[in-house]
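The structure appears below as structure tokens.
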Amino acid sequence: MAQVKEVMTSQVESITPDSNLEQAAQKMRELNVGSLPVAANDQLLGILTDRDIVVRCIAQGQSPKQVQAQSVMSEHVEFCRPEEPIENAVQKMKEKQIHRIPVVNEDYHLQGIIALADLATRDGHYQELATDALEKISVPA
């Protein structure tokens with residue numbers, strides 16, 4: 001079985017907990033992503049999504065320049081380890097209905113991120129895993 005570390009993106013960008021949401025949104029735009037890990041000294045603390053910014057800040061009438069990532073991020077982050085089988089990571093994505101999952105070591109230091117897109121661009125079994133997961137994720141919770 002292939003391991004997560006074989007397909008994960010290891011040069012993952014993150015933001016700090018005290019980054020404001022405008023900075024986070026700008027980084028998301030630059031990277032063309034909808035979520036960013038929140039980390040301090042490479043230790044994963046949470047994840048911030050574009051939806052978090054909209055629902056927990058803008059829709060509440062707050063300014064993205066005034067609100068820090070730690071105020072609206074999700075703290076209970078699903079994660080996987082570099083040595084885990086890819087199938088385990090995909091199963092977690094299906095269960096939580098998420099498209100990407102951070103990869104951390106035993107000290108919760110961010111090692112990378114694995115996304116369904118990482119699998120969909122590969123051949124055979126990986127594409128099947130991504131397609132199956134996407135079908136499950138796309139079903140309303």
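The first residue of the sequence shown is numbered 1, and numbering continues consecutively from there.
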Handout entry: Test item: Gln70 and Leu45 side chains (from C-beta on) under 4.5 Å apart, heavy atoms
Key = no
Handout entry: Nearest heavy-atom neighbours spanning Ser19 and Ile15
Key = OG-CB, 3.8 Å
Practice task
Determine, for Glu87 against Lys94, whether the closest basic-nitrogen to carboxylate-oxygen distance falls under 4.0 angstrom.
Solution key: no
Exercise for the section: Kindly compute the distance separating NZ (Lys96) from CD1 (Ile101), expressed to the nearest 0.5 Å. Expected result: 9.5 Å
Exercise for the section: Apply side-chain contact (heavy atoms from CB on, under 4.5 Å) to the pair Asp50 and Ser35, showing each step before the final yes or no. Expected result: CA-CA 6 Å; Asp50 48 8; Ser35 66; over 6 Å; no
Problem - Same apolar cluster (I L V M F W Y, side chains within < 4.5 Å links), Leu48/Val67 - result: yes
Exercise for the section: State whether the side chain of Ser63 and the backbone N or O of Lys65 hold a donor-acceptor pair below 3.5 Å, judged by distance alone. Expected result: yes
Exercise for the section: State, with a plain yes or no, whether a side-chain heavy atom of Val4 is found less than 4.5 Å away from one of Gln111. Expected result: no
Practice task
Side-chain contact test, heavy atoms from C-beta onward, threshold under 4.5 Å: evaluate it for Ile113 versus Val103 and give yes or no.
Solution key: no
Problem - Interatomic spacing from CD in Gln91 to CD in Glu84 - rounded to 0.5 Å - result: 11.5 Å
Practice task
State, with a plain yes or no, whether a side-chain heavy atom of Val38 is found less than 4.5 Å away from one of Ile47.
Solution key: no
Exercise for the section: State whether the side chain of Arg56 and the backbone N or O of Val72 hold a donor-acceptor pair below 3.5 Å, judged by distance alone. Expected result: yes
Problem - Check: Ala115 main-chain N/O paired with Asp118 side-chain donor or acceptor under 3.5 Å - result: yes
Practice task
State plainly whether one hydrophobic cluster holds both Ile58 and Leu21, where clusters connect Ile, Leu, Val, Met, Phe, Trp and Tyr through side-chain heavy atoms under 4.5 angstrom apart.
Solution key: yes
Handout entry: Donor-acceptor pair between Gln62 and Gln60 side chains, under 3.5 angstrom
Key = no
Problem - Test item: Leu31 and Leu36 side chains (from C-beta on) under 4.5 Å apart, heavy atoms - result: yes
Exercise for the section: Identify whether Met73 and Tyr108 are in the same connected component of the hydrophobic contact network (ILVMFWY, side-chain heavy atoms under 4.5 Å). Expected result: no
Practice task
Taking the side chain as every heavy atom from C-beta outward, state whether Val77 and Pro102 have any pair of such atoms under 4.5 Å apart.
Solution key: yes
Exercise for the section: Kindly determine whether Glu13 and Lys27 satisfy salt bridge (Lys or Arg N to Asp or Glu O under 4.0 Å), including the steps that lead there. Expected result: CA-CA 9 Å; Glu13 294 274 344; Lys27 187 172 257 193; 3.3 Å; yes
Practice task
Please check if Ile86 and Ile98 belong to a single hydrophobic cluster, counting links between Ile, Leu, Val, Met, Phe, Trp and Tyr side chain heavy atoms closer than 4.5 Å.
Solution key: yes
Practice task
Indicate the atoms forming the closest heavy-atom contact of Ala89 with Ile114, along with that distance.
Solution key: CB-CG2, 4.4 Å
Fill in the blank from the handout: Value for OG (Ser71) from CD (Gln66), rounded to nearest 0.5 Å, stands at 11.5 Å
Problem - side chain to side chain donor-acceptor pair (under 3.5 Å) between Gln26 and Glu30, intermediate numbers included - result: CA-CA 6 Å; Gln26 289 169 345; Glu30 288 169 21; over 6 Å; no
Exercise for the section: Going by the side chain to side chain contact (heavy atoms under 4.5 Å, CB included) test, name the single residue among Arg81, His109, Gln43 that passes it with Val104. Expected result: Arg81
Exercise for the section: Report whether Val7 and Met93 are members of the same hydrophobic cluster (ILVMFWY, side-chain heavy atoms less than 4.5 Å apart, transitive linking). Expected result: yes
Problem - Residue Asp107 excluded, over 12 heavy atoms near CG under 6.0 Å - result: yes
Problem - pair Cys80-Asn88: side-chain heavy atoms closer than 4.5 Å - result: no
Problem - 4.5 Å side-chain heavy-atom contact, Thr49 and Ser74 - result: no
Problem - Minimum-distance pair of heavy atoms, taken over all atoms of Gly112 and Val12 - result: CA-CG1, 3.8 Å
Completion exercise
Tightest non-hydrogen contact, residues Lys92 and Glu78, listed as CD-OE2, 3.4 Å
